[in-house]
Enquirer: 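Pasting a structure here, questions to come.
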Amino acid sequence: MSGTCFATDFWKDDARRKTWEQIVPGEPRETIPYTLTLDAIQKYCRVVGDLHPLYFDQAYADNSRYQGLIAPPSIHILLMFACTPAHDWMRSPGTVNAGQSWSYHIPARPDDTITLQARALDKFIKKDRLFVVHDNVFFNQHGQVICAGRGWTIRPF
Amino acid sequence: MRQTNTRFDIGHQVSGTPFSPTRASIRQFCEASLDFNPLHLDDEYMQRDFGKTHFGSIIMHGMNNFGVITKMLTDWLYAHGGIQRRLETRWKLPVKPGDTISPAAVVTGSKDSATGRWLTLDVRVRNQRGEVVAVGQAMVEFPRPEDGLGTREQR
């Protein structure tokens, strides 16, 4: 994956992560450019059981309206973690995903260099739970918006 | 890419492929998504209470469910020249190894625009007990043929 060594132990950097109290709505999150490989796309697709030829069959994809292989819209699931560092607060153990809303413009493609603009947008207490709302915009190497989305997470105490 | 009937009426139903997570598939989703939260890996950790919630054992990633819903929408859309434009979801109940979840959607509205026909859909995902584990709304577009992708993508 473009030489990047991804963190797999979410406890390792936990002391460095912002707690709910420390998260500042509006403050940008640190992000990292990421080169999306065909291998990474297809690994994700196989896991969710999505073997559509637009993601696997070069000849089929070349003859489609997309004129080449693409990633499925939900590839932002991978990009969210690929484009943020190990100490990002989204990796806090116990973070529960309450819901997400995503809007799609153009597909991500193999070998795209993806950048992310992300921030906490809101935080609140509801039913004795700590929530943080985050928003995110993914761009390709041409500066085009791939997708934009917002998520509601319940933060660990 | 086939262009067939894109005038789906309100009430048109779409159903997706059932998905049965296992401990292995959840681990694989960790690796494919880079989301190694202990919620999905560590049974001992999951004996804790999470606020008022007690899961009791590992749970499938909510975003795996998002991927299953997306597959349902794109399998339908690609076959008819459509594009997934929006998906909003709320997770209602946890999904655990051994469960089987099945997504379904129904067209609730449509609007013709300068670029194509837009539809809205309500989404429901149920487990094998018929319990609703996720709800959502989707928006899809069937571009006019002359608009190609319906976007101005730079290649």
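Residue numbering restarts at 1 for every chain, and letters A, B, ... go by the order of the sequence lines.
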Enquirer: Which atom pair, heavy atoms only, marks the closest approach of B:Gly67 to A:Tyr44?
Expert: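 Looking at all heavy atoms of both residues, the closest pair is CA-OH, 3.4 Å.
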Enquirer: Under the salt bridge (charged side-chain N to carboxylate O under 4.0 Å, His left out) definition, can you give me all pairs with a residue in residues 98-108 of chain A, not counting sequence neighbours?
Expert: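 Not a single pair qualifies under salt bridge (charged side-chain N to carboxylate O under 4.0 Å, His left out).
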Enquirer: Which heavy atom of A:Ser101 sits nearest to which heavy atom of B:Arg86, and what is that distance?
Expert: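 A:Ser101 and B:Arg86 have their closest heavy atoms at OG-NH2, 3.0 Å.
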Enquirer: When rounded to the nearest 0.5 angstrom, what distance separates CG in B:Asn65 from CD in A:Gln100?
Expert: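 Output value for this atom pair is 11.5 Å.
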Enquirer: Output the residues of residues 10-24 of chain B for which the shortest heavy-atom distance to chain A is under 4.5 Å, in residue-number order; output 'none' if no such residue exists.
Expert: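 Within residues 10-24 of chain B, near chain A: B:Phe19.
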Enquirer: Which residue out of A:Ala98, A:Gly151, A:Gly49 racks up the most heavy-atom pairs below 4.5 Å with chain B?
Expert: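 Max contact count across the listed options: A:Ala98.
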Enquirer: Is it the case that more than 12 heavy atoms not belonging to B:Glu44 sit under 6.0 Å from its CD atom?
Expert: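 It does not: B:Glu44 CD has 12 such atoms or fewer within range.
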Enquirer: Considering only heavy atoms, give the residues of residues 9-16 of chain A separated from chain B by less than 4.5 Å, sorted numerically, with 'none' for an empty result.
Expert: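 The list, in residue order, reads A:Phe10, A:Trp11.
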Enquirer: Are B:Leu41 and B:Val95 connected in the hydrophobic side-chain network, where two residues link if heavy atoms are under 4.5 Å apart?
Expert: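 Looking at the clustering, B:Val95 is in the same group as B:Leu41.
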Enquirer: In the structure I gave you, are the side-chain heavy atoms of B:Leu34 and A:Tyr34 within less than 4.5 Å of one another anywhere?
Expert: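 No, side chains not in contact.
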Enquirer: For B:Met63 and A:Ile77, work out which heavy atoms get closest and say how close.
Expert: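 Taking every non-hydrogen atom into account, O-CD1, 3.1 Å.
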Enquirer: From A:Leu79 CG over to B:Ser33 OG, what is the distance, rounded to the nearest 0.5 angstrom?
Expert: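 So the gap between those two atoms works out to 11.0 Å.
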Enquirer: Please determine, among B:Asp35, B:Leu39, B:Val68, the option with the most heavy-atom pairs under 4.5 Å with chain A.
Expert: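 Maximum pair count with chain A is reached by B:Asp35.
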Enquirer: Please check this pair: side chain of B:Asn64 against backbone of A:Val48, looking for a donor-acceptor N/O pair closer than 3.5 Å.
Expert: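 Answer holds: no.
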Enquirer: What pair of heavy atoms forms the shortest contact from B:Asn37 to A:Gly94, and how long is it?
Expert: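 Taking every non-hydrogen atom into account, OD1-N, 3.2 Å.
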Enquirer: Going only through I, L, V, M, F, W and Y residues with side-chain contacts under 4.5 Å, is there a path from B:Val107 to B:Val123?
Expert: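 Same cluster: B:Val107 reaches B:Val123 through Ile, Leu, Val, Met, Phe, Trp or Tyr contacts under 4.5 Å.
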Enquirer: Are there over 12 heavy-atom neighbours, none belonging to A:Arg17, within less than 6.0 Å of that residue's CZ?
Expert: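 For A:Arg17, atom CZ is crowded (more than 12 foreign heavy atoms under 6.0 Å).
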Enquirer: Using non-hydrogen atoms only, which part of A:Asp50 is less than 4.5 Å away from chain B: side chain, backbone, both, or neither?
Expert: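 Looking at A:Asp50, backbone and side chain both touch chain B.
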Enquirer: Same cluster or not: A:Leu121 versus A:Leu116, using hydrophobic residues (I, L, V, M, F, W, Y) connected whenever any side-chain heavy atoms lie under 4.5 Å apart?
Expert: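 Yes.
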Enquirer: Grab the two heavy atoms, one from B:Gly82 and one from A:Arg65, that are nearest each other, plus how far apart they are.
Expert: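 Scanning both residues, the minimum pair turns out to be N-NH1, 4.1 Å.
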Enquirer: Using only atom types and a distance under 3.5 Å, with no angle test, would you say the side chain of B:Arg85 pairs donor to acceptor with the backbone of A:His105?
Expert: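 It does hold such a pair.
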Enquirer: Side chain to side chain contact (heavy atoms under 4.5 Å, CB included) between B:Phe55 and A:Val96: does it pass, once the steps are laid out?
Expert: CA-CA 11 Å; B:Phe55 294 109; A:Val96 175; 4.3 Å; yes
Enquirer: With clusters defined by side-chain heavy atoms of hydrophobic residues (ILVMFWY) lying less than 4.5 Å apart, directly or transitively, does A:Val133 cluster with B:Trp91?
Expert: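 Same hydrophobic cluster.
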Enquirer: So, does A:Tyr104 use its side chain to make a donor-acceptor pair with the main chain of B:Leu87 at under 3.5 Å?
Expert: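 Not at all, since once roles are kept as given, no pair shorter than 3.5 Å links the two residues.
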Enquirer: Taking all non-hydrogen atoms of both residues, which atom of A:Leu78 and which atom of B:Ala32 are closest, and how far apart?
Expert: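 Closest approach of A:Leu78 to B:Ala32: CD1-O, 3.3 Å.
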Enquirer: Under 4.5 Å, heavy atom to heavy atom: which of residues 124-132 of chain B reach chain A? Give them by number, or say none.
Expert: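 If one takes a 4.5 Å heavy-atom cut-off, no residue of residues 124-132 of chain B lies near chain A.
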Enquirer: Which value, rounded to the nearest 0.5 Å, describes the distance between B:Ile83 atom CD1 and A:Ile106 atom CD1?
Expert: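 If I round to the nearest 0.5 Å, the distance is 11.0 Å.
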Enquirer: Which value, rounded to the nearest 0.5 Å, describes the distance between A:Arg46 atom CZ and B:Ser25 atom OG?
Expert: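 So the CZ of A:Arg46 and the OG of B:Ser25 are separated by 15.5 Å.
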